[in-house]
Amino acid sequence: MLVRKLPEGVAGGRILETEAYPVGDAAGHAYRGITPRNQTLFLERGHAYVYLAYGTSFMLNVSSEAPGVGAGVLIRALEPAGGIGIMEHRRATKRLRDLARGPGRLCAALDIDRSLDGIDLCRKGPLWLASDGQAMGEIGQGKRIGITRAAESPLRFYLRGNSFVSGPRALNS
DNA sequence: TTGGCGATTGGCT
DNA sequence: GCCAATCGCCAAT
């Protein structure tokens with residue numbers, strides 16, 4: 001689960017889809033070394049790396065290696081579980097399926113931006129990771145979406161058949 | 001200092 | 001399905 005504390009209350013959902021950007025991955029932002037923009041990707045595993053893509057959408061990653069080693073996991077979709085009214089308001093839609101389906105949409109729904117860059121996601125705070133204790137079901141694996149370099153690597157993971165997973169329907173079976 | 005280009009989205013055809 | 005919006009990053013000048 002990804003959980004967000006906002007002035008209006010708590011909102012969040014189950015993480016259904018991720019992409020890995022491991023060490024040495026040409027598509028990863030850490031590939032060319034540490035810079036002011038990507039430095040939080042080099043924090044101890046479990047910290048947030050947030051950046052703005054295409055000038056329009058924020059993306060949330062979880063750092064995934066030891067301190068000084070740059071790598072992370074992109075959170076691509078949530079199944080809304082709580083604070084749905086809050087997310088509807090921030091996304092300006094009432095379509096449950098569209099609230100947090102996609103990396104930019106889930107950041108908009110939970111008001112995630114660069115102010116959260118670098119926070120520890122393993123501690124309760126403005127944004128953190130939790131578990132609802134439920135089993136996840138069958139995990140599918142395939143190519144990552146929307147990249148050009150290292151595009152063939154099967155580093156996208158998703159809950160099979162779930163309608164809140166992003167991308168074409170053919171990619172969630 | 002500048003130009004090209006993204007780990008996307010939403011609106012329109 | 002196509003495409004513009006929008007801006008920070010970074011490589012090259």
Side-chain angles (χ1 to χ4, degrees), chain A residues 2 4 11-43 45-65 68-80 84 86-119 121 127 129 139-159 162-173:
Chain A
L2 180 68
R4 174 79 161 116
R14 186 165 59 144
I15 298 168
L16 301 175
E17 182 188 4
T18 62
E19 282 177 359
Y21 290 86
V23 175
D25 173 17
H29 286 189
Y31 187 64
R32 295 171 202 284
I34 193 165
T35 69
R37 173 222 201 181
N38 68 15
Q39 57 172 320
T40 59
L41 211 39
F42 292 76
L43 295 175
R45 55 179 65 78
H47 287 74
Y49 165 52
V50 181
Y51 75 94
L52 181 64
Y54 296 103
T56 56
S57 306
F58 287 102
M59 308 277 133
L60 171 66
N61 297 251
V62 183
S63 68
S64 60
E65 292 288 343
V69 182
V73 173
L74 172 70
I75 309 298
R76 285 195 58 91
L78 303 180
E79 179 175 50
I84 289 173
I86 294 170
M87 292 192 274
E88 286 175 344
H89 181 69
R90 295 199 173 264
R91 286 273 300 120
T93 178
K94 295 228 166 193
R95 290 193 54 185
L96 188 63
R97 202 172 95 92
D98 291 339
L99 285 188
R101 182 171 54 87
R105 289 169 178 158
L106 75 89
C107 284
L110 297 179
D111 197 29
I112 294 168
D113 60 24
R114 288 280 289 176
S115 71
L116 295 173
D117 187 49
I119 68 162
L121 297 173
L127 180 70
L129 296 167
I139 306 299
Q141 184 174 357
K143 294 177 188 177
R144 294 175 293 185
I145 295 176
I147 60 171
T148 52
R149 293 180 299 240
E152 298 304 307
S153 304
L155 292 173
R156 172 174 171 265
F157 303 87
Y158 56 94
L159 183 58
N162 186 286
S163 62
F164 293 90
V165 169
S166 74
R169 231 194 330 281
L171 290 183
N172 87 346
S173 57

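Here the structure is a predicted model, which is why all the values come from computation and not from measurement.
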Contact under 4.0 Å: A/R76 side-chain N or O vs B/dT8 OP1/OP2: yes

Candidate nucleotides B/dA7, C/dC7, B/dG10, ranked by approach to the side chain of A/L52 - the nearest: C/dC7

A/R37 NZ/CZ over A/Y51 ring centroid, <6.0 Å and within 45° of normal: yes

Check: A/D111 main-chain N/O paired with A/R90 side-chain donor or acceptor under 3.5 Å: no

Of the listed nucleotides B/dA7, C/dC7, B/dG10, the one nearest the side chain of A/Y49: B/dA7

Nucleotide B/dT9, atom P - distance to OH of A/Y51 in whole Å: 10 Å

Identity of whatever pairs with B/dA7 - Watson-Crick or G-U, under 3.5 angstrom: none

Gap between atoms CZ and C1', on A/R101 and B/dG10 respectively (whole Å): 12 Å

For atom CG of A/L60 and atom P of B/dT9, their distance in whole Å: 13 Å

Whole-Å distance separating the CG atom of A/L106 from the P atom of B/dG10: 12 Å

Complementary nucleotide for C/dT13 - Watson-Crick or wobble, under 3.5 Å: none

C/dT6 - base-pair partner by Watson-Crick or wobble geometry, distances under 3.5 Å: none

The single option from A/R144, A/R32, A/R149 passing salt bridge (Lys or Arg N to Asp or Glu O under 4.0 Å) against A/D25: A/R144

Between C/dC9 (C1') and A/N38 (CG): distance, integer Å: 10 Å

Distance, rounded to the nearest Å, where A/L41 contributes CG and B/dA7 contributes P: 13 Å

Flag if over 12 foreign heavy atoms under 6.0 Å of OH, A/Y31: no

Per A/N61 side chain, nearest of listed nucleotides B/dA7, C/dA11, B/dT8: B/dA7

Sugar-phosphate, base or nothing in reach of A/R144, heavy atoms under 4.0 Å: nothing

For atom CD1 of A/I112 and atom C1' of B/dT9, their distance in whole Å: 16 Å

For A/P80, the option from A/L110, A/L96, A/I86 that meets side chain to side chain contact (heavy atoms under 4.5 Å, CB included): A/L96

A/R156 side-chain N/O to B/dA7 phosphate OP1/OP2 under 4.0 Å: no

A/Y54-C/dA5 aromatic stacking (under 5.5 Å, under 30°): no

Side-chain donor/acceptor contact of A/T56 with base of B/dT9 under 3.5 Å: no

Closest heavy-atom pair and its distance - A/A77, A/R101: CB-CA, 4.3 Å

Euclidean distance, atom NE2 of residue A/H29 to atom P of B/dT8 [Å, nearest integer]: 9 Å

Closest to the A/R114 side chain, choosing from B/dT8, C/dC9, B/dG10: C/dC9

Closest to side chain of A/M59, choosing from B/dT9, B/dT8, B/dA7: B/dT8

